[in-house]
K.L.:
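Supplied in C-alpha cells, the structure appears directly below.
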Amino acid sequence: TNAVDSEIENVTLVGYSTSISNNTTNVCTTGVNNYTAMSADLQVGGTYTVAVEFGDCNGGAQYDGAGGVWIDWNNDGDFLDANETIGTALVAVSGGNVIQNFTINVPGGQPIGNYRMRIVQREGGTLATINPCATFTYGSTEDYTVQVINSCIPTHSVTSFTPTAG
C-alpha cells in the first residue's frame, strides 16, 4: 500500500472486559499494520460491533473504494473459510470520512483462544475485488487480535433464601 490517500483512521471494538480503540488519524502507513498487541475479548456465542472509520491519511483528497473485516476463526493463516468474512461495504469517502459498523457473531462452538482480525480499506476497490490478502497500491490493511472466552452462564439458580442470625 502507498503512504498517501485512503487509510483506516479509527477502529473500535468493545469486548466483554477488554476493548480495541485505535485512532490513527493523519498517520500515513504502508503494508500490513500489525496491531495484534491490541485485543478485545469476545464471548462464545456473543454478538459484537466493530466500528471502522474509513478516510484518508493526511487530510488530503479522498477516494471511494471498498472496505471489509475478516476473522481467521480456524487459525489456518487465511480468511477464506466459511464465516470468516465478517462484512464488506462500499466506502464512499469522497464526501468525507465514513464510519461503518460490522457485526461480529462469535460461533457458538468456537474454541477459546486468540484469533487474527483483519481490516482492509482499498481505494478504488469494489465488493467484487475487496480481499483480505490482496496486493493493492492505495488503501490500508490492519491486523488485530480477538480473544474468544467462555460465556459466563450461571449453572445454578437460587430458588429461595432464608437469612439466619449470627
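Every value quoted in this text rests on a predicted model; they were computed, and no experiment measured them.
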K.L.:
Is a donor from one side chain sitting under 3.5 angstrom from an acceptor on the other, for E9 and N97?
P.N.:
yes
K.L.:
Of N131, D78, T85, T88, which meets side chain to side chain donor-acceptor pair (under 3.5 Å) against W70?
P.N.:
T85
K.L.:
Going through the distances and angles, do N74 and E84 end up as a side chain to side chain contact (heavy atoms under 4.5 Å, CB included)?
P.N.:
CA-CA 9 Å; N74 62 357; E84 290 189 337; 3.0 Å; yes
K.L.:
Looking just at side-chain N and O atoms, do Q110 and Y115 make a donor-acceptor pair shorter than 3.5 Å?
P.N.:
yes
K.L.:
Got W73 and P107 here, is their nearest side-chain heavy-atom distance under 4.5 Å?
P.N.:
yes
K.L.:
For residues I119 and I130: do they belong to one hydrophobic cluster (side chain heavy atoms under 4.5 Å, members Ile, Leu, Val, Met, Phe, Trp, Tyr)?
P.N.:
no
K.L.:
Taking all non-hydrogen atoms of both residues, which atom of V120 and which atom of F136 are closest, and how far apart?
P.N.:
CG1-CZ, 3.7 Å
K.L.:
Checking side chain to side chain contact (heavy atoms under 4.5 Å, CB included) for the pair T141/Q121: CA distance, chi angles, key distance, verdict?
P.N.:
CA-CA 7 Å; T141 302; Q121 178 180 3; over 6 Å; no
K.L.:
Please check if any side-chain donor atom of E142 sits under 3.5 Å from a side-chain acceptor atom of N33, or the reverse.
P.N.:
no
K.L.:
Drop me the distance from S21's OG to L13's CG, to the nearest 0.5 angstrom.
P.N.:
10.5 Å
K.L.:
Is there a path from I86 to M38 through hydrophobic residues (I, L, V, M, F, W, Y) whose side chains come within less than 4.5 Å of each other?
P.N.:
yes
K.L.:
May I ask whether I20 and I149 are part of the same hydrophobic cluster, defined by side-chain heavy atoms of I, L, V, M, F, W, Y residues being less than 4.5 angstrom apart, directly or through others?
P.N.:
yes
K.L.:
Show your working on side chain to side chain contact (heavy atoms under 4.5 Å, CB included) between Y16 and L42 and close with a plain yes or no.
P.N.:
CA-CA 6 Å; Y16 178 72; L42 312 180; over 6 Å; no
K.L.:
Has the side chain of T126 got a donor or acceptor atom that lies under 3.5 Å from a matching backbone atom of T129?
P.N.:
yes
K.L.:
Could you tell me which non-hydrogen atom of V14 sits nearest to which non-hydrogen atom of S19, and how far apart they are?
P.N.:
CA-OG, 3.3 Å
K.L.:
Backbone N or O of V93 within a donor-acceptor pair of the D64 side chain at under 3.5 Å?
P.N.:
yes
K.L.:
Okay, side chain of D72, backbone of G77: is any donor-acceptor separation there less than 3.5 Å?
P.N.:
yes
K.L.:
For the residue pair P132 and F79, what are the closest heavy atoms and their distance?
P.N.:
CG-CB, 3.6 Å
K.L.:
Donor-acceptor check, side chain of N75 to backbone of G113, threshold 3.5 angstrom: yes or no?
P.N.:
no
K.L.:
Among the clusters formed by ILVMFWY side chains lying less than 4.5 Å apart, do V27 and V11 turn up in the same one?
P.N.:
no
K.L.:
Can you give each donor-acceptor pair under 3.5 Å made by side-chain atoms of residues 44-52, sequence neighbours left out, with the distance rounded to 0.1 Å?
P.N.:
{"from": "T47", "atom 1": "OG1", "to": "N105", "atom 2": "OD1", "distance (Å)": "3.0"}
{"from": "Y48", "atom 1": "OH", "to": "Q43", "atom 2": "N", "distance (Å)": "2.9"}

K.L.:
For V69 and F102, work out which heavy atoms get closest and say how close.
P.N.:
CG2-CD1, 3.5 Å
K.L.:
At what distance, to the nearest 0.5 angstrom, does OG1 of T25 lie from CG of D56?
P.N.:
9.5 Å
K.L.:
Can you name the residues that form a ring pair (Phe, Tyr, Trp, His ring centres under 6.0 Å) with Y35, not counting sequence neighbours?
P.N.:
Y144
K.L.:
At their closest point, which heavy atom of E7 faces which heavy atom of G139, and how far apart are they?
P.N.:
OE1-O, 4.2 Å
K.L.:
Measuring from T12:OG1 to N22:CG, what's the distance to the nearest 0.5 Å?
P.N.:
8.5 Å
K.L.:
From S6 OG over to R122 CZ, what is the distance, rounded to the nearest 0.5 angstrom?
P.N.:
11.5 Å
K.L.:
By salt bridge (Lys or Arg N to Asp or Glu O under 4.0 Å), which residues pair with D143, not counting sequence neighbours?
P.N.:
R116, R118
K.L.:
Between D41 and S17, do the side chains contain a donor N or O and an acceptor N or O under 3.5 Å apart?
P.N.:
yes
K.L.:
Please step through side chain to side chain contact (heavy atoms under 4.5 Å, CB included) for the pair D81 and D76, ending with a clear verdict.
P.N.:
CA-CA 9 Å; D81 303 293; D76 68 347; 2.9 Å; yes
K.L.:
Might you point out which heavy atoms bring I8 and S140 nearest each other, and give the distance in Å?
P.N.:
N-OG, 2.9 Å
K.L.:
Counting only heavy atoms from other residues, nucleotides and ligands, does the tally under 6.0 Å from CG of N83 exceed 12?
P.N.:
no
K.L.:
Look up atom CD1 in I71 and atom CD1 in I104, then write down how far apart they are to the nearest 0.5 Å.
P.N.:
4.0 Å
